Amino acid sequence: MSNDTFSFEIIESSKQYSNARLGLLRTPHGVIETPAFIFCATKANIKGVTIDHVKNEGTQIILSNTYHLMLQPTGKVIREAGGLHAFTGWDGPMLTDSGGFQIFSLGHGSVSSEIKSSRGSCSPDKKLSLLKIDDDGAVFRSYIDGSVIKMTPEISMQMQIDLGADMIVSFDECTPYHVSKEYTALSMRKSKEWGLRSLRYLNERGDGSQRLLAVIQGGVYEDLRLESVDFANENGFFGFAVGGSLGQTTFEMREIVSMVMEMLDRRKNVHLLGIGGIDDIFHGIRNGVDTFDCVSPTRIARHGTALVKYDDLKNGKRNINLNNGIFRGDHSPISPNCPCYTCQKFTRAYIHHLLKAKECLGGTLITIHNIHTMNRLMTEIRGGIKNDDLNRVCKEWGSE
RNA sequence: GGAAGGGUAGCCGAGUGGUCAAAGGCAGCAGACUGUAAAUCUGCCGACAUUGAGUCUACGUAAGUUCGAAUCUUACCCCUUCCA
């Protein structure tokens, strides 16, 4: 693999915000213009839509999850299929997550109630299935058949090699918020160790067609974040992924993101794990984040909410819940200015009907629209950086 | 004509003397969702009242029994099934 097959090149820096930048992320499966949004295809599909829709609405890169795919259909099946690209039909750039987040979400309960602000909406009686975590790795009970599954950096790396995504992520422990600083420190140091083991394994067993991102841990503590960043800066990772507990409130999350972004080697690409609110994206980009991933655009779509550019909606909101009764007889598209497949062919009334009738096409059509809208947001943000006009773009999308 | 079983909030359906404005489900109304065990979860859901306290109207209709009735009695109306 020649050196320029894989690279991250900063092609323009914002004058309005010194850290915001335009980049080109080159991978064997194509070039990603950054800032970019990465859609979650956790179980090797973006829920509810075909890969053609994903592509046609302007998606540059998608993400799948090691933990889910190792349970089902297993790495063996995907390796035999020729890797995730062949398996899914997606021929563009791809990232896989390591499974480290599952140590958190399967071990400590709901995501949203813990890492981010708000209360959890997960059903409370879910049984936690993390059995053990030590220096070697983590042991889970499979949520599919109850069998006992071991995850180590080496297992995660081998799985990610089998999956064959362009960018892969170090195995880490996503530290919850409600633990002591001592635990957070130990956990972060464990993730450092696991990062080294991940790197070593990939260098020894990989074929050179993949690059590794270091995960930045350290919770809400500046000194721990700095220690984690120093480690990542010094150890030859291709890029970075900011993860772990980002505090309890959105405000806290942004403070941590700003803090970490100041510490990282600015020559490398930075991914912000799991964050995808429009305000949070603008905040991240001003601070130099290059890529984001989040389940929110596709999840809320399945639940009936369509994202709409603030200036297009003209009612002071940035999304509409198509479950709401006011759309029963609304024969206009979701957004008047949207060229997506859904808005070209279908009306709010029709989609409202599909949702009410529990026809899964409703969620599908909104997912298509939301994918387009997120990609359009990122396109306009890149335009804003290029033209030193990011604040105008921000306003148009109803962000502060 | 005879026999039996029923009629409960928008719908279905539990409840058989007080703890009943009445379980549960559906429908309706709204909200949440941030490295996906999520096409899921939460709240409201007779009327009036800004919420609460509260007031009123309600379990086919009418009249009773009772301190108290969706629940017991009588009559009537309607529905379903079975027998002729």
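Computed from a predicted model, the values in this text were never measured in an experiment.
- Taking Thr367(A) as the reference, nothing meets the side-chain hydrogen bond (donor to acceptor under 3.5 Å, both in side chains) condition, with sequence neighbours excluded.
- Between Leu322(A) atom CG and C29(B) atom P the separation is 13 Å, expressed in whole Å.
- Along RNA chain B, the nucleotide nearest Gly363(A) and the nucleotide nearest Gln102(A) are compared for position; the residue whose nucleotide lies closer to the 5' end is Gln102(A).
- U34(B) atom P lies 14 Å from atom CG of Asn319(A), rounded to whole Å.
- In this structure, Glu193(A) does not pair ionically with Arg189(A), as no charged nitrogen and carboxylate oxygen lie closer than 4.0 Å.
- Remark: Thr96(A) engages Gln160(A) in a side-chain hydrogen bond (donor to acceptor under 3.5 Å, both in side chains) (not counting sequence neighbours).
- Relative ring orientation between Tyr143(A) and Tyr67(A) is described as tilted, the plane-to-plane angle lying within the 30° to 60° band.
- At a cut-off of 3.5 angstrom, counting only N and O atoms as typed in the model, there is no donor on one side facing an acceptor on the other between the side-chain of Asn324(A) and the base of G28(B).
- Across all strands shown, A53(B) remains unpaired; no Watson-Crick or G-U wobble contact has both distances below 3.5 Å.
- The distance from atom CE of Met167(A) to atom P of G35(B) is 18 Å, rounded to the nearest whole Å.
- Sorted by residue number, the members of residues 38-66 of chain A with any non-hydrogen atom under 4.0 Å from RNA chain B read Cys40(A), Thr42(A), Lys43(A), Lys47(A), Asn65(A).
- Applying a 4.0 Å cut-off to non-hydrogen atoms, none of the residues of residues 181-202 of chain A approaches RNA chain B.
- Under the salt bridge (Lys or Arg N to Asp or Glu O under 4.0 Å) criterion, Arg392(A) pairs with Asp389(A), Glu396(A), sequence neighbours left out.
- Remark: Tyr350(A) engages Phe346(A) in a ring pair (Phe, Tyr, Trp, His ring centres under 6.0 Å) (not counting sequence neighbours).
- Looking at which nucleotide of RNA chain B each of His352(A) and Thr305(A) is closest to, the 5′-most match is held by His352(A).
- With sequence neighbours excluded, the residues forming a side-chain hydrogen bond (donor to acceptor under 3.5 Å, both in side chains) with Asp145(A) are Ser142(A), Ser147(A), listed by chain and number.
- Within residues 279-294 of chain A, the residues having any heavy atom closer than 4.0 Å to RNA chain B are, in order of number, Asp280(A), Asp293(A), Cys294(A).
- Look at Arg200(A) and Glu154(A) and you find no salt bridge, because none of the NZ, NE, NH1 or NH2 atoms lies under 4.0 Å from a carboxylate O.
- Put simply, His303(A) rests on the base of U40(B): the two rings are less than 5.5 Å apart at their centres and nearly parallel, under 30°.
- Checked against a 6.0 Å centroid threshold, the rings of His53(A) and Tyr341(A) count as neighbours.
- The CG-P distance, from Leu246(A) to U34(B), rounds to 13 Å in whole Å.
- For Thr298(A) against U36(B), a side-chain N or O and a base N or O form a donor-acceptor pair under 3.5 Å.
- Not a single ring pair (Phe, Tyr, Trp, His ring centres under 6.0 Å) links His303(A) to another residue, sequence neighbours left out.
- Between Arg302(A) and the phosphate of C41(B), there is no side-chain N or O to OP1/OP2 separation shorter than 4.0 Å.
- Atom CD1 in Ile275(A) sits roughly 9 Å away from atom P in U34(B) (whole-Å rounding).
- Note: His85(A) and His29(A) have parallel aromatic rings, judged against thresholds of 30 and 60 degrees for the angle between ring planes.
- Checked against side chain to side chain contact (heavy atoms under 4.5 Å, CB included), Lys268(A) has the following partners two or more places apart in sequence or in another chain: Phe240(A), Asp265(A).
- For Trp397(A), the side-chain hydrogen bond (donor to acceptor under 3.5 Å, both in side chains) partners two or more places apart in sequence, or in a different chain, are Glu380(A).
- Summarising the geometry, the separation between CG on Leu213(A) and C1' on G35(B) is reported as 11 Å, rounded to the nearest angstrom.
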Please write out each protein N/O paired with an N/O of nucleotides 24-27 of chain B under 3.5 Å, distance rounded to 0.1 Å.
unit_1: A27(B); atom_1: OP1; unit_2: Lys358(A); atom_2: NZ; d: 3.2

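- You'll find the ring centres of Phe231(A) and Phe237(A) inside the 6.0 Å limit.
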